[in-house]
Protein chains: 2
Amino acid sequence: MEEKPQRPGPKRSLSATRIVDAAMELFDGESPSIRGVAAHLGVRPNTLYTYLPDRAALERALVDRLLAEADPDLLLGRKGWRKRVEDYACALRGVLLGRRGAAALLHTAPMDGPTAALVGERLLAIFVAAGLAPDDAARATYVVIVHVLGSATLTAADLNGRGEEAVVAERMAIQMDAQYFPLTAATWPVVARWNTEDQFRWSLQVLLVGCAGSA
Amino acid sequence: MEEKPQRPGPKRSLSATRIVDAAMELFDGESPSIRGVAAHLGVRPNTLYTYLPDRAALERALVDRLLAEADPDLLLGRKGWRKRVEDYACALRGVLLGRRGAAALLHTAPMDGPTAALVGERLLAIFVAAGLAPDDAARATYVVIVHVLGSATLTAADLNGRGEEAVVAERMAIQMDAQYFPLTAATWPVVARWNTEDQFRWSLQVLLVGCAGSA
DNA sequence: TCCTATCTCTGTACGGCGTGCAATATTGCA
DNA sequence: TGCAATATTGCACGCCGTACAGAGATAGGA
C-alpha cells in the first residue's frame, strides 16, 4: 500500500493530500492561496509546486473535497425520490455555504472528480426510476445541478459570512418604489427571503415537478 | 442638463461612465482590472479612485451594463409568456457568454441596479399574468434568475472561450466507465451537450412548467 | 487682480498574489 | 565513494488593489 521512494533524492516532506488538508483548514475566512497554504504548512510557497502543477489543480482538488462533504448516500434509501434529492441538495447547499468562497470555487473549477461522477450517476438513477426516459433523466440531472450550484453561489455572495436572518432583515429595510415596481414592492417580504433555505426547497420542488412532468 | 463645476479645481478628464465604457471594451479576453482600465484610458491607476471608491464599484457598474445589453423588452410583447421568458433568457445567456468572465461577475457583484429591478418586475408581471399568486410569482422569478445565471456561469467556465461544438466534441471523446457509471455512460451523448443552448432551452421550459404547475 | 480654498492627477510605495529559475541540500543506487 | 536524481529554498518578475503626499489647475472672494 505504501509508496516507496524508488528514486534518489530527499524525502518528501508533504503530499498533495496534506496540502489539500491544509487548504481546507484555511478555508474558513479567506479563500485559500498558494502562499497562505504554504505558510500554514511552514514551507516556502514554491515548495507546493513539487506536488501541484498550479493553483488551478489545488482548486480542483478542493472542489472534490467539498463535494465529498455532502453525503452522496442521501440520494439512496427508501424515502420518496423527491425527498431524497431535496435532502442531498440541502446538504450540499449547507456545505457550500459553510465555507466562504466555496460556492464560487465550484463554478470556477470543472467538476470532473470521482464524487461528481457518483452524484451524477445517482441522480440519473433516481430520475430513471421516477419514470423519465434516460435522455430526459440526463437533462433533469443538469437542471438540479445548475440550481443547487447557482442558488448556493448567489446566496453565498449575498450572505457574505453573515447569518440568514441578518440578510433578510437588511433586505426588508429596503423600500422599493411602488410606482415603478409595484409587484416587486408588493411581494417584497418574499423577495427579501430569496436567499433562504425555505426558498431553496420550494424552488427545488417546483423544478422536480417540472422534470417529472416531462416524462 | 450639463453638470457645471461649481467647485474650484481642475476640470475632470474622465467620468464614471467613460471608465465603465473602457472596462467594457477591455472585457473581451481578460477580466477588467483597475490598472488595465487606467492604462486603456492613458491615465495612472489611482486616477480612477477620483470616480470610483474601489474595484467593487466598477464591478457593480459593469454588472448593470451587462444586464442592460440583453433587451428587457423581450419580456413584453404578444407572444406566449413562456416564449417571452425563453427569448429573454437566451438573450441574457448570449450576453453573459459573449464576454469572458462576464458570468462570474454576475455572481460576484450584487444585482441591485436599475436594470435588474426592471427585469425582476417584468418577470413578476409575467408570472402573475400566467395565473400565479403574487408570492409564488416572486419565488418563480427567483427560480428563473438562478437558472439563467447558474447555467451561464457553468457553461462559461466550461467553454472558456472556445466554441460550443468544440467543447461537445471534447466531451464526447471522454469514455465513462460503464461498469461504475452505467447510466452516465449510456446517456453520454446528452451529458456531453449539457452546456449547449438546446439544453438551456429544455431546462428553462421544464422549469417554467413546474412554476406554472405550482399555481 | 491676487489670494486662497479646493479639487484632480501623479509619483511613489506597500503588501499581496502566482510562479519561473538557479542554486543548494539530501537521498538512493551503481 | 561518487553520481545522478530530487526536494526545497532564495530570489526575482510582473501582476494586482490601493493608500498617501504633493504638484498643478481652477474657482470664488477680497
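Nearest nucleotide to the side chain of Tyr51(A), out of dA7(D), dT6(C), dC9(C): dA7(D). Closest to the side chain of Pro10(B), from the set dA25(D), dT6(D), dG17(D), is dA25(D).
In this structure, the CG atom of Asp54(B) is 11 Å from the P atom of dG17(D), given to the nearest Å. If you take CD1 of Ile19(A) and C1' of dT8(D), they are 12 Å apart, rounded to a whole angstrom. The CG-P distance, from Leu48(B) to dA19(D), rounds to 13 Å in whole Å. If you measure from atom OH of Tyr49(B) to atom C1' of dT12(C), you get 15 Å, rounded to the nearest angstrom. Between Leu52(B) atom CG and dA19(D) atom P the separation is 13 Å, expressed in whole Å. The distance from atom CG of Leu41(A) to atom C1' of dT9(D) is 16 Å, rounded to the nearest whole Å. Whole-Å rounding puts the Arg44(A) CZ to dC11(D) P distance at 11 Å.
Here the options are Val148(B), Leu154(B), Leu149(B), the test is side chain to side chain contact (heavy atoms under 4.5 Å, CB included), and the partner is Val146(A); only Leu154(B) passes.
In terms of phosphate contacts, Ser13(B) brings a side-chain nitrogen or oxygen within less than 4.0 Å of OP1 or OP2 of dC9(C). Of the side-chain N and O atoms in Lys11(A), none sit less than 4.0 angstrom from OP1 or OP2 of dT8(D). For the OP1/OP2 pair of dA27(D) and a distance below 4.0 Å, the side-chain nitrogens and oxygens of Arg7(B) include no atom meeting the criterion. Regarding contacts with the backbone of dT8(C), every side-chain N or O of Thr47(B) stays at 4.0 angstrom or more from both OP1 and OP2.
One finds a salt bridge joining Arg201(A) and Glu197(A) here, because a Lys/Arg side-chain nitrogen approaches an Asp/Glu carboxylate oxygen to under 4.0 Å. With respect to the salt-bridge test (charged N to carboxylate O, under 4.0 angstrom), the residues Glu25(A) and Arg99(A) do not qualify. Salt-bridge check for Arg82(A) with Glu86(A): failed, with every basic side-chain N at 4.0 Å or more from each acidic carboxylate O. The pair Asp21(B)-Arg65(B) meets the salt-bridge criterion, since a charged nitrogen lies less than 4.0 angstrom from a carboxylate oxygen. For the pair Asp87(A) and Arg84(A), the salt-bridge criterion is not met [side-chain N within less than 4.0 Å of a carboxylate O].
Taking a 6.0 Å sphere around CZ of Arg18(B), one finds it holds 12 or fewer heavy atoms contributed by other residues, nucleotides or ligands.
The stretch residues 56-66 of chain B does not touch DNA chain D, since none of its heavy atoms comes less than 4.0 Å from the strand.
Note that CG of Leu52(A) is 9.5 Å distant from CZ of Arg60(A), once rounded to the nearest 0.5 Å.
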Every protein N/O lying under 3.5 Å from an N/O of nucleotides 15-17 of chain C:
residue, atom, partner, partner atom, Å
dC17(C), OP1, Ser33(A), OG, 3.2

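A donor N or O paired with an acceptor N or O is found under 3.5 Å between the base of dG20(C) and the side-chain atoms of Asn46(A).
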Contacts table for residues 165-176 of chain A: side-chain donor-acceptor under 3.5 angstrom, sequence neighbours left out:
residue, atom, partner, partner atom, Å
Glu170(A), OE2, Arg162(A), NH1, 2.8
Arg171(A), NH2, Asp158(A), OD1, 3.2
Arg171(A), NH2, Asp158(A), OD2, 3.1

